[in-house]
Each structure stands twice: as structure tokens, then as C-alpha cells.
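The structure under discussion appears below in the form of C-alpha cells.
Note that the coordinates shown come from a computational prediction; the quantities given were computed from them, not determined experimentally.
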Protein chains: 2
Amino acid sequence: MIITNVACSVVEQAGVNTMIDETSLKILKILQEKARIPNVEVARQMEMAPSAVLERIRKMERQGIIDGYEVRLNPDRFNRRQVAFVQVQVSADNTCAGEAFAAIPEVQEVHYVAGDDSYQLKLRVADTEELGRILREKITQVNGVAATRTATVLHTYKETAKLPLLDTVHIKE
Amino acid sequence: MIITNVACSVVEQAGVNTMIDETSLKILKILQEKARIPNVEVARQMEMAPSAVLERIRKMERQGIIDGYEVRLNPDRFNRRQVAFVQVQVSADNTCAGEAFAAIPEVQEVHYVAGDDSYQLKLRVADTEELGRILREKITQVNGVAATRTATVLHTYKETAKLPLLDTVHIKE
DNA sequence: AAAAAACAAAGAAAATAATTCTGCGTAAAA
DNA sequence: TTTTACGCAGAATTATTTTCTTTGTTTTTT
């Protein structure tokens, strides 16, 4: 028995109940391994016709299941060896500190976290010297910044944006 | 005057001095915006012949400047709305804790950080309930874990793996 | 339960794109 | 200056994507 997609093409939009069957899931797993392989190659691995695979991929793109495709550049080759995490305490009245941090190019991530009521930043820089410069000249200059706590990374064991697609996924919303 | 690549094709390997000129940099910027556009489209934007653009891309792939291409999946659609950062204190004698954390599928990042002599983990889970379960059943089960401190994310302002390619980049090693 | 509608997939054909090859011009090295 | 290496354009070849049509299956409706 084959489970097929249900009720997802009526309105192909965010905010509608959607389901992913095993076939689409397998396609995503293949693309997660190597996103820039040709469609025919995905089809070969799927043992399906290229047209059918393409149809599914396009559909997932339209549905916003696939958000896009990214080049992964080697940070080593761009003088961006050093990763650092910075926790920033901001006085309660400043509501746009998050956007200000996000505007700094060396800042790859900006999260507002519960617990300490602070921002968690992830930076990628050349070395600790540049880190210091950005802290001094950019981060502490943002309006309302009270204190920062920096942790430099000595070694990275894992760093991926991959979502675990282990089990069958039923997606709502 | 056009600056061309120098001394990079003698030995195309990691560990060799390399340079990136403005042309290659511009290609990378285009690919960083949308990695799955066809080569001819890149060529159009570059106002160059497709063969020349392809040559450069292939070269950067060989040199390890381009590490690969990734699908970006929408975490919302896969029950992975919740991001959390976990700081883990590990007793000094356990040297393979990092690998153990990395093996957990919900853990997207594992860094060993200076300062507190601890591991910084980034998790992506469905909700706080799942977060609790993974902390209890997986993270604290790793040999040598002494303490954990979790910060759940309330809002993400920025989250990208993009490297800032602002200025001209000269790359060594 | 039967008919109608909706869907997914295969296959063929047409349109596009990738790849290879050749030749030319320019820049660095001898 | 001559040699050598390199990068790029353009044409030819191969490969891939995309569209369209057909068919079988599942779901919904009557």
C-alpha cells in the first residue's frame, strides 16, 4: 500500500495542513547530502522518472518546505577561522538591539534567549584580534548594551544546518 | 587592468597559497544569494561566457574554496521550531564527549569553548518538551557530563551560514 | 457501489543548459 | 624577446530540464 499526499494541493500556501510522504522524504534526504546534483541523478537514485521527481521538488519549493539552496564556503579560505559566541545583556527599553546586531556582517546568528533575558550572538571572524575589534567597535556601540560575555571556540565537532529527517514526518500548519 | 589568478594551479590542493580575484568573488556572491540557479544564469549576471564561469566554479570546488551545496529546509514544516543552546560542563577525563554530542541528530552544532572549559551545543527540536527529553535521555547520559545550562530561544533575528564577502579577499594556506 | 474528479507517475519531445574543445590574446617567467 | 602558462570566448557536442500527454490509481461524490 502506498501512502500519497492528501489535501495539500487545494491551497498550496503556508498555513495549510500538509503531509510529506516517504517518497518526498527520500528525495529531501538525497538533496541534503548533495544539493547540486542534477535532477536525473536524483531520479536514478529514486528509481523514478525525472519528471516525477522534478514535480515533487517544485511542489515542495512552492509549499515552502524547501526554502532554498546555499553554497557552503570553506571559512578557512576566507580568513574566518575563528568562531565566537557572545552573550549580550541589553537594557529593557531598547527593542531594536536584535536588528542592530543582525546588521553586523560578521554576526551570523542573533537569538533572543529566555533565562538571562539576553541576546546570543554567533560570530565568525579572522582571529581573536578581529573579535576584540568588533566587540569594541560594533557590539558594545549598540544602544542599550549593558554587558557582554564572550566564549571563543577552540574546536568545532559539528556544525550543520541539516534537519534530522529520520522518521516519517507529518507536518502541520 | 584585470587582476588574474596567480600561482594557484601549480598544485591545486589544500595547503597551498591561493588568491581570489574580484571575478571569482562576484561569482561567489551570486551563488550565495541563490545556489541552485543554472550556470548560464550566473554567466548572464557576470556578463561572461558560460564556459569561463563554469571553469572558475569547478576550480573553486577543486580547491576546496567551495565546500558544497546545501538544501535549506524550513524547520517550521518539520516540527523543529524550537532552537536551544546548551552549555555542558564535562569532567576533564572524558575526551570523546564532543563526538558523543555530535552523534545526537537533534544537535546541530557542537563547539568546545574556552573560558568555561565547556561544550556549547545548539539544538533544534519540536518544543520544550522534546528539549527536556533529549537533555534527560541523551545529553546528560554522555559519560562525564557534570552540569548543563540551557537557554531556549524566544526569537531569532538572524541565522545564516553565509560568510561576509564584502572586501577583496586574499586567502592563504 | 458506481461514476466522477483529482493525483501521481511514466514516457516522449522540445527547450535549455552543461561540458568539452579549440583558438586567441594577454600576462608572467626565462 | 621568447617561451610558457593562463583565462576567456565561441562553437560543437552531450546531457539535463521542462513541458505535455497518457495511463492507472485513489479519493470523493452521488
Starting from C1' on D:dA15, measure out to CD1 on A:Ile37 and report it in whole angstrom. 15 Å
Check this for me: does any side-chain nitrogen of one of A:Lys122 and A:Glu106 sit under 4.0 Å from a carboxylate oxygen of the other? no
Does C:dA9 have its OP1 or OP2 closer than 4.0 Å to a side-chain nitrogen or oxygen of A:Arg56? yes
Taking C-beta and beyond as the side chain, do A:Glu130 and A:Arg80 meet within less than 4.5 Å on heavy atoms? yes
What is the separation between atom CE on B:Met46 and atom P on D:dG7, rounded to the nearest whole Å? 14 Å
Ring centres of A:Tyr119 and A:Phe101 under 6.0 Å apart? yes
B:Arg36 CZ to C:dT16 C1', in whole Å, measures 15 Å
Qualifying residues under side chain to side chain donor-acceptor pair (under 3.5 Å), relative to B:Asp116, sequence neighbours excluded: none
Rounded to whole Å, how long is the line connecting atom CG of A:Asp21 with atom P of C:dC7? 14 Å
Among C:dA17, D:dT17, C:dA10, which is the nearest nucleotide to the side chain of A:Asn39? D:dT17
Quick note, A:Val40 side chain, CB onward, closest among C:dA17, C:dT19, D:dT17 is D:dT17
Residue B:Met48, side-chain atoms from C-beta onward, closest of C:dA9, D:dA9, D:dT17: D:dA9
Minimum-distance nucleotide (side-chain atoms of B:Arg58 versus D:dT18, C:dA18, D:dG7): C:dA18
Among C:dA17, D:dT18, C:dA10, which nucleotide has an atom closest to any side-chain atom of A:Ala49? C:dA10
How many whole angstroms separate atom CD of B:Glu55 from atom C1' of C:dA18? 13 Å
Show every salt bridge (Lys or Arg N to Asp or Glu O under 4.0 Å) that has at least one partner inside residues 45-55 of chain B, sequence neighbours left out. none
Which one, D:dC8, C:dA17, C:dA8, comes nearest to the side chain of A:Lys59? C:dA8
Could you check which of C:dA18, D:dT16, C:dA10 has an atom nearest any side-chain atom of A:Ser51? C:dA10
Once you round it to whole Å, what is the distance between P of C:dC21 and CG of B:Leu54? 13 Å
